[in-house]
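Each chain gets a letter, A, B and so on, in the order its sequence line appears, and its residues count up from 1. All values below were derived from every heavy atom in this structure, side-chain atoms included, with hydrogens, water molecules and symmetry-related copies excluded.
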Number of protein chains: 2
Amino acid sequence: MTVRIKDVAQAAGVSVATVSRALGEGPVSDSLRKKVEAAVAATGYRPNLSARRLRSQHSQTIGLIVSDIRNPFFTAVSRAVEDAAYQLGMRVILCNTDENLDKEALYLRLMQEERVTGVIFAPTRETAATLDVDALGFPVVLIDRAGPPGRHDAVVLDNAEAAALLVDHLVAQGYRRIGGLFGNTSTTGAERHAGFVAALQRHGLEAPARFVAPSAAAAEQALGLWLRDADRPDALVVSNGLFLLGVLRAVKHAELAVPGELAIAGFDNDDWTDLAGPGLTVIEQPVYEIGRTAMAMLMERLDNPAQLPRKVVLTGRLVTRGSSRPRG
Amino acid sequence: MTVRIKDVAQAAGVSVATVSRALGEGPVSDSLRKKVEAAVAATGYRPNLSARRLRSQHSQTIGLIVSDIRNPFFTAVSRAVEDAAYQLGMRVILCNTDENLDKEALYLRLMQEERVTGVIFAPTRETAATLDVDALGFPVVLIDRAGPPGRHDAVVLDNAEAAALLVDHLVAQGYRRIGGLFGNTSTTGAERHAGFVAALQRHGLEAPARFVAPSAAAAEQALGLWLRDADRPDALVVSNGLFLLGVLRAVKHAELAVPGELAIAGFDNDDWTDLAGPGLTVIEQPVYEIGRTAMAMLMERLDNPAQLPRKVVLTGRLVTRGSSRPRG
DNA sequence: ATCTTGACTGAAAACGATTGCAATCATGAC
DNA sequence: GTCATGATTGCAATCGTTTTCAGTCAAGAT
């Protein structure tokens, strides 16, 4: 039914080895190469990648494991990873874990069965803590969330610094009662919280914070409750783009003016943030570059398996918009 | 180095065939199955999927080819496809074509080399027109954009009807000078335009339209020009979520009131559309269901290769918000 | 006791490529 | 003319599974 390399060899009047070499790297005379190409065209031959991978022991596959591709941060990263991968002639297997430990374990096992070349992974805190890369059999680059220091390759944002950037900005704009909303499953939330607390401390201010599950709905609900408190903040640091959606919905529902009654500054310069309300002040993460860098680190690790784990820390850029206008 | 099925067999004191059967479907006595499972655990065996695929001739892989995963419509569809696939024990290969014909051809060839089980594909108009599914060797389900009638399995929105829904709504709200902004590369844009024109004709109104490349920037620029025209519309039908972003930016730049000076109604109930300006009136596509249905159709086609091509047409839901309030 | 039957089990042949090794061939040196 | 050399080429082994086919064995039918 389907045409094999043997058929091409027959059609070209050469051996299968020659066809393989003509299609790949091996030394082949021009005349035979031409014959082979003609035979490939004539027969409509398509190499069987499973067979090639089995024999060559190179899967040319990288795994990308994120919590949810619908999170624009991961969407952008995934696009960067895929661009880089296809440029290198590799394919990408994408997995969504929903921050679920079982799914993380499941997909890591799948990666082993695929004999992937490497994996780019945004793990939960728990998995990052217990992850033993050497036992896995392929290199791993963590993104967005770093594990225990010095154990893994990683490319992350300087989360503490970025959070401090937001705090300093809000303080400079005249806000004093600054609250924070952070995710409770990843190291990212914890780091941003730490930077948030440290920065407020420097200013001699309190640092009230709430921790929520990683979804817009959870953020909306948490903030809805908070806004009913007597001591509600007059400015808010929001730990990611999903939370920003929830925050804005809660604010809309409570009919609060932004920034008049509640200033907002958050993470992720998602497409819509310049359009919501007065425009949102945000930290822009170099999303595409994060993906590109992760891919590059993976390749370097493959070239040099022995080198010490490296952590690339990228810095966020503060984009100021109406939601943090000076306090009136 | 890596442990093979042969090593497991040795450790368990059985033949490789028995190990294979114990791990798969074959009939194996309970006692041996237990032994095999113990040996698998002891050795840390992971089956090699390339070898399995080569021998069994089942790749358990489906291809998903879209224009850009960063388009939230495709993001949502991809999540649905992946959920369904992993539930069935299949892998997904995701490709971004950027509406580029060469990339489309390239990735279709890649799918052949992967010997994929099937492909879910959002093609450009040109590729859809020339696509010969039978020559490909695997079933294809088109999404979002249908090809020539009766030739392919497809799951699409009733685009003309949805566009008409928007037009009827705007007319009912009192708008008369209604313009349209449509994409120029896909059949989707064309169908929505057709529904737009037909609906306006029913109302005895003109149907001024602009066609632009599929990006927010292109929409922004086109509308920027249009808004300077003397005969600019007082309401706008916008053909997709990306364009909505561009439209809102142009409107903001021109400092027009929405809906006072320009009412807006568009496609795609993206996460942010309830938060921008007065809230955007949109057609909500059943995005997750589109992905799920495409996957289901693929499975049915595999069960029954001979059946005639089917086109599933889903209907959009009108979500009315502030951007189309009755004309004052 | 013998024969059937059915349920397991193992040996060995695929699956479709790549690659180590040996053979071939033309070329230029002697 | 012979031989060494280097560049191609082909043969056959191999990658790690699944699956066919032919046993083996115990239990029940006769």
Side-chain angles (χ1 to χ4, degrees), chain A residues 1-37 39-40 43-61 89 91 109-117 137-138, chain B residues 1-37 39-40 43-61 89 91 109-110 112-117 137:
Chain A
M1 188 62 219
T2 118
V3 24
R4 300 171 299 274
I5 199 173
K6 188 199 297 185
D7 304 314
V8 177
Q10 220 151 31
V14 301
S15 73
V16 295
T18 298
V19 175
S20 175
R21 283 192 274 253
L23 265 38
E25 303 256 287
V28 175
S29 65
D30 282 350
S31 70
L32 282 198
R33 170 164 276 126
K34 285 231 173 59
K35 270 196 202 169
V36 168
E37 276 160 12
V40 165
T43 56
Y45 170 69
R46 295 281 178 273
N48 181 318
L49 293 186
S50 290
R52 173 177 294 174
R53 291 193 184 110
L54 172 59
R55 172 59 230 228
S56 69
Q57 301 286 68
H58 293 314
S59 68
Q60 303 288 66
T61 299
R91 78 184 164 133
R109 188 159 55 245
L110 171 66
M111 294 305 146
Q112 297 185 297
E113 303 189 349
E114 291 278 2
R115 301 294 192 268
V116 293
T117 306
F138 48 75
Chain B
M1 189 62 220
T2 121
V3 26
R4 300 171 299 277
I5 199 173
K6 188 200 296 186
D7 304 315
V8 177
Q10 221 150 31
V14 300
S15 72
V16 296
T18 298
V19 176
S20 175
R21 282 191 276 252
L23 266 38
E25 303 256 287
V28 176
S29 66
D30 281 351
S31 70
L32 284 198
R33 170 165 274 129
K34 285 230 173 60
K35 271 195 200 169
V36 168
E37 276 160 11
V40 165
T43 55
Y45 170 70
R46 295 281 179 274
N48 181 318
L49 293 186
S50 291
R52 173 176 294 174
R53 292 193 183 111
L54 172 59
R55 173 59 231 225
S56 69
Q57 303 286 69
H58 293 314
S59 68
Q60 302 287 64
T61 299
R91 250 67 64 207
R109 187 159 58 245
L110 172 65
Q112 297 186 297
E113 302 190 349
E114 291 279 0
R115 303 293 192 265
V116 293
T117 306

Protein-nucleotide distance ([X], atom [atom1]; [N], atom [atom2]), rounded to Å:
X	N	atom1	atom2	value
Arg52(A)	dC15(C)	CZ	P	19 Å
Asp30(B)	dA7(C)	CG	P	14 Å
Leu49(A)	dG16(C)	CG	P	13 Å
Lys6(A)	dC15(C)	NZ	P	7 Å
Ile5(B)	dA12(C)	CD1	C1'	14 Å
Lys34(B)	dC8(C)	NZ	P	14 Å
Glu25(A)	dA17(C)	CD	C1'	16 Å
Arg115(B)	dA17(C)	CZ	C1'	10 Å

- Main-chain N/O of Ala39(A) paired with Thr43(A) side-chain donor or acceptor, under 3.5 Å: yes
- Query: Is there a donor-acceptor pair closer than 3.5 Å between any side-chain N or O of Ser20(B) and the backbone N or O of Val16(B)?
  - Reply: no
- Item | Salt-bridge criterion met for Arg46(B) and Glu114(A) (N-O under 4.0 Å) | no
- Message: On the nucleotide dT9(C), are OP1 or OP2 found under 4.0 Å from the side-chain N or O atoms that Thr18(B) carries?
- Response: no
- Item | side-chain N/O Gln57(B) vs dG16(C) OP1/OP2, d < 4.0 Å | yes
What's the closest nucleotide to the [X] side chain, out of [options]?
X	options	value
Arg4(B)	dG10(C), dG16(D), dG16(C)	dG16(D)
Ser15(A)	dC8(C), dG10(D), dT9(D)	dG10(D)
Ala17(B)	dT18(C), dG10(C), dC15(D)	dG10(C)
Ser29(B)	dT19(D), dC8(C), dA12(D)	dC8(C)
Tyr45(B)	dT17(D), dA17(C), dG16(D)	dT17(D)
Ala51(A)	dG10(D), dG16(C), dT9(D)	dG16(C)

- Query: Which part of the nucleic acid does Arg46(B) contact within heavy-atom distance under 4.0 Å: base, sugar-phosphate only, or nothing?
  - Reply: sugar-phosphate
- Message: What's Arg21(B) touching, base or sugar-phosphate or nothing? Going by heavy atoms closer than 4.0 Å.
- Response: base
- Item | Nearest-nucleotide comparison on DNA chain D, the residue closer to the 5′ end among His58(B) and Ser31(A) | Ser31(A)
- Taking the nucleotide of DNA chain D with the closest heavy atom to each, which residue, Gly13(A) or Arg55(B), is nearer the 5' end? Gly13(A)
- Specify the residue among Ser56(B) and Val28(B) whose closest nucleotide of DNA chain C lies further upstream toward the 5′ end. Val28(B)
- Task: For Val14(B) and for Leu54(B), locate the closest nucleotide of DNA chain C by heavy-atom distance; then report the residue assigned to the nucleotide nearer the 5' terminus.
- Result: Val14(B)
- Task: Indicate the atoms forming the closest heavy-atom contact of Val36(A) with Ala12(A), along with that distance.
- Result: CA-CB, 4.2 Å
- Message: Checking Asn48(A) against Glu113(B) for the side-chain contact (heavy atoms from CB on, under 4.5 Å) test, could you report, in this order, the C-alpha distance in whole Å, the side-chain angles of both residues, the deciding distance, and whether it holds?
- Response: CA-CA 5 Å; Asn48(A) 181 318; Glu113(B) 302 190 349; over 6 Å; no
- Message: Just by distance, no angles: are the side chains of Arg91(A) and Thr61(A) close enough, under 3.5 Å, to form a donor-acceptor pair?
- Response: yes
